[in-house]
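In what follows, a single structure is set out as structure tokens and then discussed.
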Amino acid sequence: MGTYLEDLNAPQLEAVTHGDGPLLVLAGAGSGKTRALTHRIAYLIKERGVPPWHILAITFTNKAAGEMRERVAALVPELSGDIWVATFHSTCARILRREASLAGRRPDFAIFDTADQRAVVRRILSVLRWEQKKFPPAAFLAAISTAKNEMLGAEEFAARSGGQRGDFWAQRTARVFRAYEEELERNNALDFDDLLVRTVNLFESHPDVLARYQDRFRYILVDEYQDTNHAQYRLVRALAAGHRNLCVVGDDDQSIYAFRGADPRNILEFERDYPEAVVVKLEQNYRSTTTVLEAANSLVRHNDRRKHKHLWTENGIGEPIGFYQAESQKDEAAFVCRTLAALMRETGELLRRAAVLYRTNAQSRPLEEVLNAAGIPYQLVGGVRFYERKEIKDVIAYLRLVANPADTISLERVINVPRRGVGPVTWERVLKASAEEGVPVAEMLCRAGALSGVAGKTRDELVRLGELLAELRQELKHLRPQDFVRAVCQRAGYTEALRAERTGEAEDRLENLDELHRLAAEYHRATGEAGLAGFLEQVALMGDIDEYDEGKDRLTLMTVHSAKGLEFDTVFLVGLDEGVFPHVRSLGEAGALEEERRLCYVAITRARRRLLLSCVGRRMTYDGQPELMAPSRFLRELPPGLLRVIARPADWLGGGGDPARPVTVAAGAGGGWGAGVGLKPAFTHRSAGAAQPGAVPKPGGPSKLDAAPKPIAAWALRVAGDGDTYSEGERVRHPKFGEGTIVRILGTGQDAELTVAFPGLGLKRLLAGYARLEKVSADGGDG
DNA sequence: GTTGATAATCTTTTT
DNA sequence: GATTATCAAC
């Protein structure tokens with residue numbers, strides 16, 4: 001009893017691990033809910049003797065799935081056999097492929113991502129001759145997705161919208177919806193929603209199939225239940241109907257995916273569907289300090305629509321929440337850098353225990369620039385993802401064509417990459433011929449010779465491409481995924497064209513292609529699968545390559561959405577400006593604003609020990625005009641007493657002064673902000689936090705701030721150091737760019753921005769305080 | 001018919 | 001700041 005719970009020391013968690021039957025766990029942030037799930041799995045296997053293959057654990061991201069698998073493996077080293085831990089989408093894809101093969105149908109469907117969906121709608125609009133400006137594809141896609149989440153097909157949607165006569169938009173949407181479904185069918189493709197919907201339809205219409213899966217998955221666990229949509233709810237309901245051993249874990253305060261169809265009804269319907277369900281509330285937080293938690297509680301109390309919950313913790317007060325009002329995004333980024341440097345110096349903080357969170361991906365750019373200039377290693381999660389780069393998408397498109405010659409969207413992408421002399425007109429001819437003859441587009445290419453109006457070099461190139469794809473398709477059973485990557489890169493002339501460019505950018509792309517090859521090889525090693533279906537599925541469903549390098553000490557940058565489920569010792573939450581966070585698009589509607597607030601709640605509760613907030617106050621619009629923004633209302637919703645305003649970045653952690661002395665300078669700065677917000681320098685914590693009992697919930701370790709100084713990374717010394725001064729015309733050496741000449745200096749001292757001309761590389765803008773510049777003097781100083 | 005260049009247009013969040 | 005619509009030149 002309780003064997004697995006020693007580290008949590010919470011009796012009510014036993015209800016989660018040992019519980020029978022339907023189990024609804026309402027768990028607050030940092031209450032160890034994911035750990036409770038893994039312990040439940042361990043308990044089932046070790047003490048109940050449940051064979052691992054009877055367990056299905058559904059997580060929200062692939063990353064979470066990987067982590068859960070690792071944790072279970074650590075708890076049950078003797079594990080024999082596989083536990084199915086996966087996201088909803090990959091679970092469904094696997095089920096659909098398996099059932100398609102069993103039923104003798106094609107299991108090789110493609111999975112269309114958002115970009116593919118948009119391309120499909122664009123094509124439909126152009127056929128219908130509707131202007132994209134008047135009929136934005138995104139609007140249709142959103143409506144279609146909503147309908148699918150509600151398990152409505154195109155025909156039902158049309159019937160429903162026909163009932164509301166005169167509804168212009170609904171009727172247009174119905175038309176696009178129908179054409180969209182036909183186009184996907186023609187392409188032998190499913191979108192993200194289809195994966196769920198088709199699986200639910202399969203289960204609900206084929207009881208025999210469902211019964212097989214019910215028998216296989218006797219214990220079902222679902223994490224982040226508050227983010228499930230209706231289709232996911234139906235899926236779980238169907239699967240769990242057999243053995244009713246369903247354990248769902250969720251927190252309504254962390255529901256941040258309403259835009260994607262997440263539906264709070266699911267938690268309510270859970271108690272309705274399973275009247276015998278045991279409900280467990282986990283309200284003790286094991287993650288954060290009291291300060292962090294109070295801030296989070298105070299914020300989320302401003303939401304009306306929530307179940308009452310009050311998180312508490314035995315952890316100590318901890319450090320105050322830092323707040324910095326920046327002048328620009330660059331200044332904000334510099335604040336992050338210098339604060340990190342100070343932290344490292346004072347506490348030996350590790351970079352990988354810190355994260356910078358922001359509302360939108362676009363906010364990462366200035367951060368990256370400054371971090372690069374400072375030489376601080378970081379890891380960007382999400383953003384311009386690996387699989388979204390052009391060269392990767394191109395090669396993937398070739399691969400998809402090999403696997404599925406009907407994939408017009410992919411062919412449209414690469415038919416003229418590299419240049420084959422194909423423009424819109426030729427493409428239309430290929431499409432038309434393909435449709436008329438009922439031949440998949442890729443196979444049509446082989447017959448390009450018969451196409452009227454296509455001749456000469458263009459014709460030859462098309463035939464060659466068609467034959468290449470056909471040849472590779474013959475090899476689907478024999479070649480490994482990485483072989484296809486290589487074959488496509490070389491034989492389609494793709495790498496050749498890149499090499500011919502001879503630019504730095506092309507070099508990067510070639511490197512990325514090598515990386516893709518490596519990933520394919522890794523996939524093959526892990527699964528032993530030949531062919532492409534599995535690899536392409538992984539590519540489509542995996543948001544991000546698992547560059548989960550725990551070994552490297554790097555700062556993490558990501559959106560708040562991506563951060564859900566993670567925790568960091570130190571969290572910077574940047575861009576707390578009205579219009580950014582909360583986002584402008586949410587300001588009109590109360591429900592949307594509450595979701596933004598929950599999002600902010602999620603961000604705050606990622607922090608274990610230290611939370612640093614900042615706002616910018618102005619933003620550059622696209623035409624270069626600065627636009628003033630008010631500080632986020634969320635700042636006003638935090639208890640002022642918990643905040644400590646940081647005037648200069650170095651003031652954090654003392655920076656040479658008395659650490660207990662409140663800093664007041666910035667409180668009144670900036671347009672009308674100080675008074676309105678009511679920030680008072682009321683901070684009375686000692687930031688050195690000496691010997692507060694339980695202040696640091698780190699088991700066995702020394703308290704953070706009074707720990708002996710650890711070796712300081714080179715960059716921290718650099719940032720903290722006084723450094724040199726520079727003058728225009730001076731020669732300097734950069735570790736990466738080599739020698740160059742300073743052509744312009746803006747600002748003074750460590751904050752100066754240097755423009756340096758590097759021969760062959762052009763002009764680079766560097767920050768004096770961060771760039772690892774050496775002066776190139778007479779003695780050649782290599783020191 | 002295709003290509004290159006210039007002009008215009010928005011910016012959430014993700015499987 | 002990056003992607004897309006439009007237009008003039010090969």
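Small disclaimer: the values here were computed from a predicted structure and weren't measured. Here is the naming used below: chain letters follow the sequence lines, and residue numbers restart at 1 for every chain.
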| field | Closest to side chain of A/R365, choosing from B/dT12, B/dT15, C/dA2 | value | C/dA2

| field | A/R359 side-chain proximity, nearest of B/dT12, B/dT15, B/dG1 | value | B/dT12

| Test salt bridge (charged side-chain N to carboxylate O under 4.0 Å, His left out) applied to A/R94 and A/E537, step by step | CA-CA 9 Å; A/R94 281 160 73 177; A/E537 177 183 312; 5.8 Å; no

| message | If you apply the rule side-chain contact (heavy atoms from CB on, under 4.5 Å), what do you find for A/L357 with A/M558, and how did you get there? | response | CA-CA 5 Å; A/L357 307 183; A/M558 61 186 159; 3.9 Å; yes

| Separation of B/dT14 P from A/E388 CD (nearest whole Å) | 10 Å

| field | Protein-nucleotide distance (A/E369, atom CD; C/dG1, atom C1'), rounded to Å | value | 11 Å

| note | Per atom distances to the A/T114 side chain, the nearest of C/dT4, B/dG1, B/dT15 is B/dT15

| note | Considering only heavy side-chain atoms of A/T360, the closest of C/dA2, B/dT12, B/dT15 is B/dT12

| message | Heavy atoms only, 4.0 Å cut-off, all strands: where does A/V422 land among base, sugar-phosphate and nothing? | response | sugar-phosphate

| What nucleotide, of C/dT4, B/dT12, B/dT13, holds the atom closest to the side chain of A/R122? | C/dT4

| message | Can you identify which nucleotide, out of B/dG1, B/dT15, B/dT13, has its nearest atom closest to the A/N361 side chain? | response | B/dT13

| field | A/Y257 over B/dT13, stacked by centroid distance under 5.5 Å, angle under 30° | value | no

| task | Please state whether the phosphate of C/dT4, meaning OP1 or OP2, lies under 4.0 angstrom from any side-chain nitrogen or oxygen of A/Q132. | result | no

| message | Measuring to OP1 and OP2 of B/dT14, would you say a side-chain N or O of A/R260 lies under 4.0 angstrom away? | response | no

| query | Could you state the NZ-C1' distance from A/K390 to C/dT3, rounded to the nearest angstrom? | reply | 10 Å

| task | Figure out the CD/P separation between A/E596 and B/dT13, and round it to whole Å. | result | 11 Å

| Rounded to the Å, how far apart are A/N229 CG and B/dT14 P? | 17 Å

| task | Kindly indicate, with the supporting measurements, whether the criterion salt bridge (charged side-chain N to carboxylate O under 4.0 Å, His left out) is fulfilled by A/E461 and A/R419. | result | CA-CA 9 Å; A/E461 293 269 22; A/R419 292 261 133 81; over 6 Å; no

| Taking N and O atoms by type only, does the side chain of A/H583 place a donor or acceptor under 3.5 Å from a partner on the base of B/dT12? | no

| message | Using whole Å, what does the distance between atom P of nucleotide B/dG1 and atom CD of A/E461 come to? | response | 19 Å

| request: Using a heavy-atom cut-off of under 4.0 Å over every strand shown, decide if A/F88 touches base, sugar-phosphate, or nothing. | output: nothing

| What nucleotide, of B/dT14, C/dT4, B/dG1, holds the atom closest to the side chain of A/T426? | B/dG1

| task | Tell me what A/D193 touches on the nucleic acid: a base, only sugar-phosphate, or nothing, going by heavy atoms under 4.0 Å. | result | nothing

| task | Could you list the residues that satisfy side chain to side chain donor-acceptor pair (under 3.5 Å) with A/N303, not counting sequence neighbours? | result | A/R597

| request: Using whole Å, report how far CZ of A/R118 lies from C1' of C/dT3. | output: 10 Å

| Reckon A/S90 touches a base, only the sugar-phosphate, or nothing at all at heavy-atom distances under 4.0 Å? | nothing

| task | Would you mind telling me which residue lines up with the more 5' stretch of DNA chain B, A/R429 or A/S586, judged by nearest nucleotide? | result | A/R429

| task | Mind checking A/E595 for me? I need base, sugar-phosphate or nothing, with any heavy atom below 4.0 Å counting as a touch. | result | nothing

| Between CG of A/D116 and NZ of A/K393, what distance do you get to the nearest 0.5 Å? | 5.5 Å

| message | Here's a test of your reading of the structure: between A/T559 and A/G421, which maps to the more 5' nucleotide of DNA chain B? | response | A/G421

| message | Between the base of B/dT2 and the side chain of A/R419, is one N or O donor paired with an acceptor at under 3.5 angstrom? | response | no

| field | Interatomic distance where CG belongs to A/L587 and P belongs to B/dT13 [whole Å] | value | 16 Å

| message | What's the closest nucleotide to the side chain of A/N416 if the choices are B/dT15, B/dT3, C/dT4? | response | B/dT3

| request: Could you work out the separation of B/dT12 and C/dA5 based on their C1' atoms and round it to a whole Å? | output: 24 Å

| query | Between the side chains of A/Y358 and A/E332, is a donor N or O closer than 3.5 angstrom to an acceptor N or O? | reply | no

| query | For the ring pair A/F140 and A/Y180, is the centre-to-centre distance below 6.0 Å? | reply | no

